[in-house]
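Quick notes on the structure that follows.
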Amino acid sequence: MRTLIQGGTVVTAEGSYPADVLVDGETIASVGRNLAAAVGGGSVPDKTIDASGKYVIPAGIDVHTHMELPFGGTFAKDTFETGTRAAAWGGTTTIIDFAVQSRGKSLREGLDAWHVKAEGNCAIDYGFHVIMSDVNDATLAEMDDLVADGVTTFKLFTAYPGVFFSDDGAIFRAMQQTGKNGGLIMMHAENGLAIDVIAADTVAAGTTDPIGHGLARYSVLEGEATNRVIRLAQAAKVPVYIVHLSAREALNAVRMARDEGLPAFAETCPQYLFLSLDDLGHGFEGAKFVCSPPLRSAEHPPELWKGLVKDDLQVVSTDHCPFDFHGQKDLGKGDFRKVPNGLPGVEDRMDLLHDGGVVAGHITKERWVAVTSTAPAKLFGMYPRKGAVAVGSDADLVVYDPTRRRTISASTHHMDVDYSCYEGRTVQGASDVVMSRGSVVVRDGEFTGRRGHGQFLRRAVADYARMA
Ligand code: URP
Ligand code: ZN
Ligand code: ZN
C-alpha cells in the first residue's frame, strides 16, 4: 500500500519546506518535490492525500501518560484502549506510559502487569517506563535486564511519602546503576516530606478545599528538590530528566546545571503553561485541577515559555492521568489531600501548544514539532524511527491544518473523563489526517484506526550527544 501526501509544507524540528511525502507500507519511502511525477509511469500510489495549505509533521509523541494508574484510592479512568484512541484524535501516535513496581514485588512483575493492560488494546504505538518503588540489590540488577529489553527509563519520586517516595540514597543508587546500563532516571522533584507537614498545617488551619493543595506545595520546594536530584545525578555522573516541571525555581535549577554543561533535561506540561493557581479556587470545583506539582501563580508560565525557547526545557508532555470529577475527584471532599492527583490532557496537547505557543508567538512551528515529537524521540531512544519526516522513518505523520479552529469541550472530547480543564477554550490548529505506521487512524474527525494496531516499542538508550 503506497500513499502520497501531496502539496503540503513539511515542518520538522530543523526547518520547513514544501514537499510531498510518499509512504510505502509502514514507513516513509520518499520526501521531495513533485513526487507524483517521480512515482508515475505505471506505479501510481494506491491513495493520495491532498495536503495543500496544511503542514505535514511528525506525529506527536507523549512520553508521560498514566493509563489505568492505580492512584489516590482509585484508577486513572482512561484505559489503554480509550486513552490511545483519544491520543490519536489529537495527533499523537506514540505514548510512553508508566508501569508501576508495587512494593515488595519485582520490576518485571510490574512491567508484565502493564503489558497485560496494553497488549492488543492500543490504537497507537506505546512504550513503558518503570516506576521504581523499591531500590535494592535485586531491583537494581533487574534494571539492566529491562534496559536490554527496551525499557530504558525509570521514574523515582522525592514526593508522595508512603506511596512512591524514595530517599536520596535510593535515588543515588538507581542513578549509579544507569551509569552502568545506559538507562535514564526521570525524577518527580518536589520535597514531599516538607509538603506533607505544610499540607497538614493547612488543613488544621481550616483550609480543606482544593486551593489548599496549591498553597501547600510551595514552588521553592520544587526548586529545592530539582536542584537536589540534579546534584545527585552530577555526583553519580549520569544524566537526569525532570518530569512535569512547573515552577520558576525548578527551571532555574535546570538552567544553572545546563549552563555548567551538565546533562540535565526537563519537560513541562500544557497545564503549567495555560492554567494557574486561580483554577484551584471556586470551592470544590478546583478539584478538577488538582495535580502535582500544582498549578502555579501567573509569574511562572512566562518563565516556562522562555525555558522552551532557550532549550532549558526540551519536551512538553501531558502527564495524562484523568479522574472523573463525579465519583473520583470527590474522594477529596473535605480534605484536599485525598483528591486523586492528575489531569486529563493526552488529546489536547498538540493543539494547545500550536494555538497557545505558535499562534500566540511564543515558539516557532519548528520548535512546536521539536518539543512535542522530535526531542522526545531523541531523549527516549526512538529517533529516527519516530519524531522525523525522513526516508526510512515510521510513517507516523499528521496533516495539520494550522487555521482550523475548534472549541475544546468534555462534550466532544474522546478521553474517558467527565470534564475538560480547557472547557470552552477555542484553539487554532487541528489534525486533519493522522497516520500511524502508514495506516490512517483519524481522518476529518473520524476514528479509522483499530484497537490492537498499536505495537510495543522496544526503545534504545538515548543518544545524549545528539541533544547537546
Ligand atoms: O498529579 C499527577 N502528576 N499525577 C500523576 C502521577 C505523577 O506524579 O506523575
Ligand atoms: Zn510525578
Ligand atoms: Zn505523571
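Source: prediction; values computed, not measured. Remember, it's 1-based here, ligands and their atoms both numbered in the order they're listed.
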Inset, instruction - State, without any angle test, whether Glu224 and Asn191 hold a side-chain donor-acceptor pair at a distance under 3.5 Å. - result: yes
Inset, instruction - Can you pull out the closest protein heavy atom to atom 4 (N) of ligand 1? Residue, atom name and distance to 0.1 Å, please. - result: Asn341 O, 3.0 Å
Legend entry - Option among Tyr160, Phe98, Phe164 that satisfies the ring pair (Phe, Tyr, Trp, His ring centres under 6.0 Å) test with His188: Tyr160
Legend entry - Polar side chain donor-acceptor pair, Arg173 to Gln176, under 3.5 angstrom: no
Legend entry - N, O or S atom of Lys155 closer to the Zn ion (ligand 2) than 2.8 Å: yes
Inset, instruction - For Tyr160 and ligand 1, answer yes if some heavy atom of the residue is under 4.0 Å from a ligand atom, otherwise no. - result: yes
Inset, instruction - Compute the centroid of each ring, for His115 and then for Phe128, and state whether the two points are separated by less than 6.0 Å. - result: yes
Inset, instruction - Starting from the Zn ion (ligand 2), look over the N/O/S atoms of His188 and name the nearest one. - result: ND1
Legend entry - Exercise: do Gln328 and Thr74 side chains pair donor with acceptor under 3.5 Å: yes
Legend entry - Atoms in ligand 1 with a heavy atom of Phe157 nearer than 4.0 Å: 8 (O)
Legend entry - Residue and atom name of the nearest protein heavy atom (relative to atom 7 (C) of ligand 1), distance in Å to one decimal: Lys155 NZ, 3.5 Å
Legend entry - Distance-only side-chain donor-acceptor flag, Asp78 / His320, under 3.5 Å: yes
Inset, instruction - Check whether the side chains of Arg103 and Ser133 place a donor and an acceptor atom closer than 3.5 Å, and report yes or no. - result: no
Inset, instruction - Could you tell me whether ligand 1 has any atom less than 4.0 Å away from a heavy atom of Phe98? - result: no
Inset, instruction - Evaluate the criterion ring pair (Phe, Tyr, Trp, His ring centres under 6.0 Å) for residue pair His244 and His64; output intermediate values, then yes/no. - result: CA-CA 9 Å; His244 47 45; His64 192 148; 5.3 Å; yes
Legend entry - Structural part of Cys291 in contact with ligand 1, heavy atom criterion under 4.0 angstrom: both
Legend entry - atom 1 (O) of ligand 1 - nearest protein heavy atom and its distance: Ser292 N, 2.8 Å
Legend entry - Check: Arg349/Thr92 side-chain N/O donor and acceptor closer than 3.5 Å: yes
Inset, instruction - Report the angle formed at the Zn ion (ligand 3) by atom NE2 of His64 and atom NE2 of His66, rounding to the nearest 10°. - result: 110°
Legend entry - Proximal atoms of ligand 1 relative to His188 (non-hydrogen, under 4.0 Å): 8 (O)
Inset, instruction - Considering the heavy atoms of His66, write down every atom of ligand 1 situated less than 4.0 Å from one of them. - result: 5 (C), 6 (C), 7 (C), 9 (O)
Legend entry - Atom nearest to the Zn ion (ligand 3) - Asp319, N, O or S atoms considered: OD1
Legend entry - Closest to atom 3 (N) of ligand 1 (judged by heavy-atom distance), picking from Asp319, Leu343, Thr318: Asp319
